[in-house]
Number of protein chains: 2
Amino acid sequence: MNNEMVIRITRYYRILNRLRSLGLEKVFAHNLADAAGVSAAIVRKDFSLLSIYGQKRGGYEIPELMTKLGSILGKTDKLEHVIIVGCGRIGRALMHYTGFEQDGIKVVAGFDSDPSIYNDPNHPVPVYPTSRIEDVVKESDTKVAIVTVPETATADTFQRLLSAGIQGVLNFSPITLKPIKKADGTQVIVHNVNIALELEQIFYELQSPNILQQ
Amino acid sequence: MNNEMVIRITRYYRILNRLRSLGLEKVFAHNLADAAGVSAAIVRKDFSLLSIYGQKRGGYEIPELMTKLGSILGKTDKLEHVIIVGCGRIGRALMHYTGFEQDGIKVVAGFDSDPSIYNDPNHPVPVYPTSRIEDVVKESDTKVAIVTVPETATADTFQRLLSAGIQGVLNFSPITLKPIKKADGTQVIVHNVNIALELEQIFYELQSPNILQQ
């Protein structure tokens, strides 16, 4: 199973979760395809690689399909914990984002270097000084951190997260972080989301549509 | 030039911009490589494909390099305009983001269906009702929109943006939008940034590191 396929399976699972919460019981490959932005042939091929087969006229049973895809994705009923480091506007927006829970993700705490925001009752989760990252990560069994600190604090924050035992980072800072292998052999996974870069690529594609056709 | 290479060139350009603002005049391929998260060999290969050559011991002149990469990327001194549709927490955070301008991007306006926020003096740019999208897009010559509306409003928002003449969309809603070809033959570019999905992929990679090795 390659990375692209994992992304598609994760998408299917999320779409099924939404369809189920709307009360649907069955789904066709072409519905999933439409919602996931791929062709129905790809959905069928993915499922057939995973030995998942629907009924000819009825499509797939949503609960059964979710169980199968969920076990492939290692889904459990337990919520996955994340922390948010950097409680500026973006960090706070993510703290309040209500869509995580339906995808099995729970923000356990925020961290910031500015003491004035620790006791703000508007935060939906506690906000602690960055010196407490290690304690909280251990107590809450958290493996993944979202980094929303300013550029200048990114490198230090990354080091601190590694020492605290964090194994995966979703980085929103404009500084690109690299996946690294720690001294103990653990691979730390990093995904960088650079919003300005995404916009620049769109502008680039708009002005030179043919170059990308290759 | 393929998509991956465009992404790298855009990264190099942004890094150079930052180095220049720190007062640096020259840069080595390995510095750029470190900052961009690639190997120095890749930087040299990219530059050689673009017929850009450094001096053996001195590296590359930053202003010269920026001019060359900038012309490849179609950079002008003019700021590229974007609008933000959906002024919830994420939309407002992006409205206040100060990093866009140094990448040549300017947020010209926000749009929301909630009239109570139109006259909030804290917004750094004007916020209008969504019915005004078409006017503002035309007046301000805006081609790209950031979509930060709730799931249920995503499809309608996309249609409205297409009718208004928007050609590129950066979509933060959990609903995946698909690039489409309009009736007049224009290709509309869509980039989807799904934060929960990014996190889920990290969790997936953490639990099954070997599957992704291939």
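Letters A, B, ... are given to chains in the order of the sequence lines, protein chains preceding strands, and every chain is numbered from 1. Below, each value reflects all heavy atoms present in this structure, side chains not excepted, and no hydrogens, waters or symmetry copies.
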Top contributor to chain B contacts, counting heavy-atom pairs under 4.5 Å, from A/Ile15, A/Ile195, A/Thr186: A/Ile195

Distance col, row A/Leu206:CG vs B/Lys143:NZ, nearest 0.5 angstrom, shows 8.0 Å

Please round to the nearest 0.5 Å and tell me the distance separating atom NE2 of A/His191 and atom CG of B/Leu197. 10.0 Å

For residues A/Glu205 and B/Val6, determine if any side-chain heavy atom of one lies less than 4.5 Å from a side-chain heavy atom of the other. no

Contacting moiety of B/Ile105, where chain A heavy atoms sit under 4.5 Å: side chain

Between the CD atom in A/Glu200 and the CD atom in B/Glu80, the distance rounded to the nearest 0.5 Å is 9.0 Å

In Å and rounded to the nearest 0.5 Å, what is the CZ to CD1 distance from B/Phe203 to A/Ile189? 10.5 Å

Hey, are the side chains of B/Leu199 and A/Ile146 touching, using non-hydrogen atoms and a 4.5 Å cut-off? yes

Could you give the distance from CG (A/Asn3) to OH (B/Tyr204), rounded to the nearest 0.5 Å? 9.5 Å

Quick one: ring-ring contact (aromatic ring centres under 6.0 Å, His included) partners of A/Phe172, sequence neighbours excluded? none

Just verifying a value: how many Å separate A/Ile7 CD1 and B/Gln201 CD, rounded to the nearest 0.5 Å? 4.0 Å

Non-hydrogen side-chain atoms of A/Val190 and B/Ile202 separated by less than 4.5 Å: no

Got a list of side-chain donor-acceptor pairs under 3.5 Å for residues 175-183 of chain B, not counting sequence neighbours?
| residue | atom | partner | partner atom | Å |
| --- | --- | --- | --- | --- |
| B/Thr176 | OG1 | A/Arg11 | NE | 3.4 |
| B/Lys178 | NZ | A/Asp34 | O | 2.5 |
| B/Lys182 | NZ | B/Leu162 | O | 3.0 |

Under a 4.5 Å heavy-atom cutoff, which of A/Glu151, A/Gln167, A/Arg89, A/Glu198 has the most pairs with chain B? A/Arg89

Is the number of heavy atoms from other residues, nucleotides or ligands under 6.0 Å of A/Lys138 NZ greater than 12? yes

Interchain contact, B/Val169 with chain A, by part (heavy-atom threshold 4.5 Å): backbone

For the candidates B/Thr10, B/Leu73, B/Asn194, which exhibits the highest count of non-hydrogen atom pairs separated by less than 4.5 Å from chain A? B/Leu73

Between A/Ile90 and B/Leu94, does a side-chain contact (heavy atoms from CB on, under 4.5 Å) hold up when you go through it step by step? CA-CA 8 Å; A/Ile90 302 261; B/Leu94 295 178; 3.8 Å; yes

If you look at every heavy atom in A/Tyr97 and B/Pro174, which pair is closest and at what distance? OH-CG, 3.6 Å

